[in-house]
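This report refers to the structure that appears directly beneath it.
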Amino acid sequence: CGGTLIGSGSSITVSPTSDTTYYVRYKSGCSVTGCISLTVTTSVSITNAPTATSVCASASNQTTPLTYSATTGSPSTYSIVWNSTPSNSFVDVTDAALPTGAIQITVPGGTAAGTYTGTITVKNVNGCQSVGDTFSVIVNAVPTITTSGTINAVCFNASATTTTVLAYTATTGSPNSYSIDWNAAANSAGLTDQANTTQVFNSGSGNINITIPANVNPGTYSGIMTIGNGNCTATQNVTITVNPLPSAPTVGTITHPTCTVATGSFQITAFDSVRTYTFTPAVLSISGTGLVTANPDTYSFTVDNASGCIS
């Protein structure tokens, strides 16, 4: 067969230090067989990543890849034994077929945020098994906020943006940003989607600042807020009401001052005694029927409505 003779007889014991192929043939008198070969594998292994791709906590089962590269000894199956700390429901794997390039790790639904470790070994068809190699799976917390989802209402503003707030009472998962995707009706009314925005969230209660563009048509609009923490995201339905402005008040009969009466008066048309009228400069008095008494001057005035918006 060629090569170096290492022995003869009915059996031969070998102890190679590296993968070695041995050849043997049978010889008896004038009879000689052909050579047959046997490869003795001294090691089997894979070079796996130290960490599987991280996942976000979920109520449902999910999978994540644990990649590997170099192999020795032609491994064909793998096994995983999970560390019991921290407490978890990961299921050990025994002699599963080794896929190419990446092993899909199953993360059980309901697994709490944390870092979980397992030990992986591989075998080849000859039954040779590798030394165990430790890897980890990181389950990241999903950020949440406790909120009604109702953004504080604003008044219509034709020329300037308005800042309002969404109140929350608690947070989990360390949120640090948000964005809003307004629905089609809101977009048509002039509400533009809010891009991802950095926000400092309190661990307890607080407010998220929301920017409303100028000239958004009055109405109530819906959107989806996405809360992020740098690793995972969660969504929250939100609504905003843009209230209309009241019509500007108008003046009816005007009585001007005379040489004998130093003050004048004017009547507010369609006066509403429930509403608040604000005058610039200040007037002397306003009656329950909307008759305003004032010194000689030029006046402007506004009125509010039930939403608190001012004409």
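A single hydrophobic cluster is seen to contain both Ile286 and Ile254, as judged by linkage of ILVMFWY side chains at heavy-atom distances under 4.5 Å, directly or through other members. The cluster map of Ile, Leu, Val, Met, Phe, Trp and Tyr, joined by side-chain heavy atoms under 4.5 Å apart, puts Trp82 and Val91 in different clusters. When the side chains of ILVMFWY residues are joined at heavy-atom separations under 4.5 Å, either directly or via intervening members, Tyr221 and Ile224 end up in two distinct hydrophobic clusters. Tracing side-chain contacts under 4.5 Å through hydrophobic residues (I, L, V, M, F, W, Y), one never reaches Ile138 starting from Val142; they form parts of separate clusters. In this structure, Leu98 is a member of the same hydrophobic cluster as Ile105, with clusters built from ILVMFWY side-chain heavy atoms closer than 4.5 Å.
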Evaluate side-chain contact (heavy atoms from CB on, under 4.5 Å) for Phe90 paired with Asn83, printing each intermediate quantity in order.
CA-CA 9 Å; Phe90 282 85; Asn83 192 323; over 6 Å; no
For side-chain contact (heavy atoms from CB on, under 4.5 Å), just list the numbers for Asp304 and Cys309, CA-CA rounded to whole Å, side-chain angles, deciding distance to a tenth of an Å, and then say yes or no.
CA-CA 5 Å; Asp304 69 359; Cys309 299; over 6 Å; no
Could you walk me through whether Ile212 and Ile240 pass the side-chain contact (heavy atoms from CB on, under 4.5 Å) check?
CA-CA 9 Å; Ile212 306 301; Ile240 178 70; 4.2 Å; yes
Could you give me the CA-CA distance, side-chain angles and deciding distance for Ser222 and Thr239, then say whether side-chain hydrogen bond (donor to acceptor under 3.5 Å, both in side chains) is met?
CA-CA 4 Å; Ser222 300; Thr239 60; over 6 Å; no
Worked check of side-chain hydrogen bond (donor to acceptor under 3.5 Å, both in side chains) between Thr121 and Ser130:
CA-CA 5 Å; Thr121 56; Ser130 69; 5.1 Å; no
Pair Leu166, Val238 - check side-chain contact (heavy atoms from CB on, under 4.5 Å), show working.
CA-CA 9 Å; Leu166 173 66; Val238 293; 4.0 Å; yes
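To the nearest 0.5 Å, the span separating CG on Leu291 from OG on Ser265 amounts to 4.5 Å. Atoms OG and CZ, from Ser307 and Phe156 in turn, are 14.0 Å apart once rounded to the nearest 0.5 Å. For the atom pair Ile120 CD1 and Ile103 CD1, the distance stands at 3.5 Å (nearest 0.5 Å). Here the OG atom belonging to Ser174 is positioned 11.0 Å from the CG atom belonging to Asn140, to the nearest 0.5 angstrom. Atom-to-atom distance recorded for Asn209:CG and Ile151:CD1 is 11.0 Å, nearest 0.5 angstrom. Distance CG/Asp133 to OG1/Thr119: 8.0 Å, rounded to 0.5 Å.
Proximity of Tyr78 to Thr94: side-chain heavy atoms (C-beta onward) are nowhere separated by under 4.5 Å. Put simply, the side chain of Asp297 reaches to within 4.5 Å of the side chain of Pro281, judged on heavy atoms. Contact annotation: the side chain of Gln236 approaches that of Thr147 to within less than 4.5 Å [non-hydrogen atoms, C-beta and beyond]. Two residues are said to be in side-chain contact when any heavy atoms from C-beta on lie closer than 4.5 Å; Tyr277 and Ile268 meet this criterion. With contacts defined as side-chain heavy-atom distances shorter than 4.5 Å, the pair Ser45/Pro75 does not qualify. Taking 4.5 Å as the limit, every side-chain heavy atom of Val107 sits out of range of all side-chain heavy atoms of Tyr116. Side-chain contact between Ile208 and Val165 is absent, with no heavy atoms from C-beta onward closer than 4.5 Å. In this structure the side chain of Leu284 reaches within 4.5 angstrom of the side chain of Thr263, judged on heavy atoms.
Between the side chain of Asn305 and the main chain of Pro244, a donor-acceptor pair closer than 3.5 Å is present. A donor-acceptor contact shorter than 3.5 Å links the side chain of Gln199 to the backbone of Asn207. The backbone N or O of Pro143 sits nowhere less than 3.5 Å from a side-chain atom of Thr172 that would complete a donor-acceptor pair. When atom types are taken as modelled, the side chain of Ser58 and the backbone of Ser60 share a donor-acceptor pair closer than 3.5 angstrom. The main-chain N or O of Ala195 is found under 3.5 Å from a side-chain atom of Thr197 such that the two form a donor-acceptor pair.
The two atoms that bring Asn229 and Gly173 nearest to each other are ND2-O, 2.9 Å, heavy atoms only. Nearest approach of Pro249 to Ser311, heavy atoms of both residues: CD-OG, 3.5 Å. Contact between Asn124 and Ser74 at its shortest, heavy atoms only, is CB-O, 3.2 Å. Across all non-hydrogen atoms, the minimal contact from Thr51 to Leu66 is C-CD1, 4.0 Å. The minimum heavy-atom distance linking Ser179 with Gln194 is given by the pair CB-O, 3.3 Å. The two atoms that bring Asn61 and Gly109 nearest to each other are OD1-N, 2.6 Å, heavy atoms only.
A donor and an acceptor atom, one from each side chain of Thr21 and Ser37, are nowhere located under 3.5 Å apart. A donor atom on one side chain and an acceptor atom on the other are found under 3.5 Å apart for Asp193 and Asn187. Side chains of Thr117 and Thr134: no donor on one and acceptor on the other come within 3.5 Å.
Residues in residues 283-311 take part in these ring pair (Phe, Tyr, Trp, His ring centres under 6.0 Å) pairs, two or more places apart or across chains: Phe266-Phe301, Phe279-Phe301. Sorted by first then second residue, the side chain to side chain donor-acceptor pair (under 3.5 Å) pairs that include residues 160-170, not counting sequence neighbours, number zero.
Aromatic ring centres of Tyr178 and Phe201 lie farther apart than the 6.0 Å criterion allows.
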